[in-house]
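The structure under discussion appears below in the form of structure tokens.
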There are 2 protein chains.
Amino acid sequence: MTVSRVINDQPTVSQVTRQRVLAAMTELGYRPNVAARALVTGRTRTLGVVSIDTTLYGPASMLLAIERAARDIGYAISIASLPSVDRRSFGEAFEALMAQAVEGIIAITPHTSTTTALRHVPKDIPVVAVEGGRAPVPTVAVDQRLGARLATEHLLSLGHATVAHIAGPGDWHEAQERERGWRDALTDAEREIPELVRGDWSPRSGYEAAQRLIGAPGLTAIFVANDQMAIGALRALSEAGIPVPERVSIVGFDDIPEAEFFTPPLTTLRQEFGEVGRQSLALLMEQVDGAPRSRRRIVIPPEFIVRESTRAPGTAGSAPGTAGSARGSAGSGPRSAGTKTPRSAATKTERAGLSGAPASEASQPDTAPR
Amino acid sequence: MTVSRVINDQPTVSQVTRQRVLAAMTELGYRPNVAARALVTGRTRTLGVVSIDTTLYGPASMLLAIERAARDIGYAISIASLPSVDRRSFGEAFEALMAQAVEGIIAITPHTSTTTALRHVPKDIPVVAVEGGRAPVPTVAVDQRLGARLATEHLLSLGHATVAHIAGPGDWHEAQERERGWRDALTDAEREIPELVRGDWSPRSGYEAAQRLIGAPGLTAIFVANDQMAIGALRALSEAGIPVPERVSIVGFDDIPEAEFFTPPLTTLRQEFGEVGRQSLALLMEQVDGAPRSRRRIVIPPEFIVRESTRAPGTAGSAPGTAGSARGSAGSGPRSAGTKTPRSAATKTERAGLSGAPASEASQPDTAPR
DNA sequence: TACTCGCCTGTTCACGTTAACAGGCATGTT
DNA sequence: AACATGCCTGTTAACGTGAACAGGCGAGTA
């Protein structure tokens, strides 16, 4: 009846009636029935997020940002996690959200198997992939390759002959792209490419990978694919009596909150996970509002943060690596170099940031810099 | 019609008809309409979780465990986060979930303001509080006080004259309980109680708190209220040239995945967040299934994990603190001492665990050991 | 006065499901 | 043969909302 008009703010209700309805609503503790509304409108005002381990810093941060942005526009968020990273459990999680009649799904799919699973989602359900590689749906991703290149070039410019790499699992897009960026930088500088060691993102695997590297001759710099493995690597080096950064420099990836307080504070690449979450929601809402599914790809540049875990090889001095030495391969792509003021510092931190446009877009998949 | 019977597995359908219906369902891609079902049954098969910052390790772990357990029993999870920890934003988040017609809500309310907000939730909606202090609803919590007591007694038994404390924010239950346990242990041992320093759980605040403590005379042991602040404290001590554990011993709380790889590996208390999540879901489902709201309180003991950040004062040797020195005030309560095999070790770790019954229950609020 | 128009409020129906009830049919019992 | 019983399937109504339409009423106009 007229109540519906009041709830939906339709103008064709007189002020008097409106007030009477509102008064009655508060008096009775009336609350609109979402099920009835969804039944008649066909819209549930609920979105789904399917993700791997939401205990990890990255997915957790994205989830939080997505939830907040969604609630702001009146949408609820329902979550589905993957017990294991394979196509089947992805399908099950996706199906569970579909059964709930979500209006769209954000899939955090950093694993190649989940990306292939994305090929089989029906065309009529809005979907966005986060870190989804070459998924056949709109995608939001951080420019992992650029970040890895920056990290490697930073180490080379400090004077290291080459840079070792502790990579992530080979079936993760982020691991692949970071490995590629590392390889690119070494190739461009015509350096020897050392054999890489793989971990599984965990501190333990970083610890074990570093132990294997320690024997290698000429080891002076390691680019570790994430901060968690970097802390394991730091531990292994510490146990082996190898001081960081005096004898070996370390760069991580992610800038987890603890990274600034590692021993020593970690030079790393910050990913703006919150921004990734918000952008992915925006991309999803376009589809929910009727836009056809594109292959649009939003790429967000990482921010390089120089702390104290990197230094020129063989120097016993105390000056940390300087920010000025960190730069991407200038001239290609929309990224611009710049510096930001540090948020604060327990130790001196300097940044070679990528500011300017916060995110670049491309309608073609895979526009990471060569 | 008959379809409904097939979907709901009612026995009064012949095999033939059932097969025909199932065949038609797959052929047509039929999916039951949850809105219509919810409208007629009055049940949405959705539960809500309201939580502070889900980026933190604890809440994120609980959320994950809750989501998995809920999906196993056919319930969906909808989340609502708090932009800030105060009563009002808690009320808004709670209300947002109510508007979605969730059947019950798990409130992760480690902050006193959110606990008071719990007093005003209607009696007819199932609610469970996690770390909710003396909330007037069923509660699941880790025995913070016991953990703090174990940590402090461990340090005292190593020979430290007293133990300093870097506490969490005073308006958090966990901070209050950990402070109390620390105070209890010192009082029982008739030791001087040093002035405590407060942080806000962040690595930075731990760093700053440790800097303030460093001046204090006779500082040889610090119990830090969580691992994140502990890493900041380790950093501050490292910068000040104070070796850990040789000159100062450190104990943390939480056992975040990185703790094992700190420099040095951190002695800490593990909280089984996953177990907390599962227990809270079980408690919630009792109410959803019709049980009246109780004041039941499930208390889960923490597990003490000895690593290398603790040692007897003034010893330059390399033996870490031994597990045998860690014990609760024996005889009170259902907890039994015991050891577990380490899951694995980057460094030698030993454990004085609290095994046996994984959780103790109490119908009266606040049964923490004296 | 009769009519049109605009503003507001009320009525009807459909959304897809389930609870409750009705009924058909075969089998068994008296 | 008449009837009861059990097994299965079909019919009806209701859940609470919003879209579409109907209609009442006052003001303005011819």
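Just the heavy atoms: all of them, side chains too, but no hydrogens, waters or symmetry mates, feed the values below.
Taking side-chain N and O atoms only, R37(A) has no distance below 4.0 Å to OP1 or OP2 of dG16(D). For dG18(D), the OP1/OP2 oxygens have no side-chain nitrogen or oxygen of T41(A) closer than 4.0 Å. Here N33(B) does not reach the OP1 or OP2 of dC15(C): none of its side-chain N or O atoms lies under 4.0 Å away.
Remark: the backbone N or O of Q10(B) is not paired with any side-chain donor or acceptor of N8(B) at under 3.5 angstrom.
Using a 4.0 Å heavy-atom distance criterion, T2(B) is classed as a sugar-phosphate-only contact. Residue S14(B) is in sugar-phosphate contact alone, with no base atom involved, counting any heavy-atom pair closer than 4.0 Å across all strands shown. Here V13(A) lies in heavy-atom contact (under 4.0 Å) with sugar-phosphate atoms only.
Atom pair Q10(A):CD and dA19(D):P shows a separation of 7 Å (rounding to whole Å applied). If you measure from atom CZ of R31(B) to atom P of dC15(C), you get 20 Å, rounded to the nearest angstrom. If you measure from atom CG of L39(B) to atom P of dA14(C), you get 16 Å, rounded to the nearest angstrom. In this structure, CZ of R45(B) is placed 15 Å from C1' of dT17(C), rounded to the nearest angstrom.
Residues R296(A) and E286(A) form a side-chain contact, since some pair of their non-hydrogen atoms from C-beta on lies under 4.5 Å apart. Residues V276(B) and V130(B) form a side-chain contact, since some pair of their non-hydrogen atoms from C-beta on lies under 4.5 Å apart.
Judged by atom type and distance alone, R5(B) reaches the base of dG10(D) through a side-chain donor-acceptor pair under 3.5 Å.
Nearer the 5' end of DNA chain D, as judged by each residue's closest nucleotide, is the contact made by V16(B), out of P32(A) and V16(B).
Taking the charged nitrogens against the carboxylate oxygens, R31(A) and E95(B) do have a contact shorter than 4.0 Å, which makes a salt bridge.
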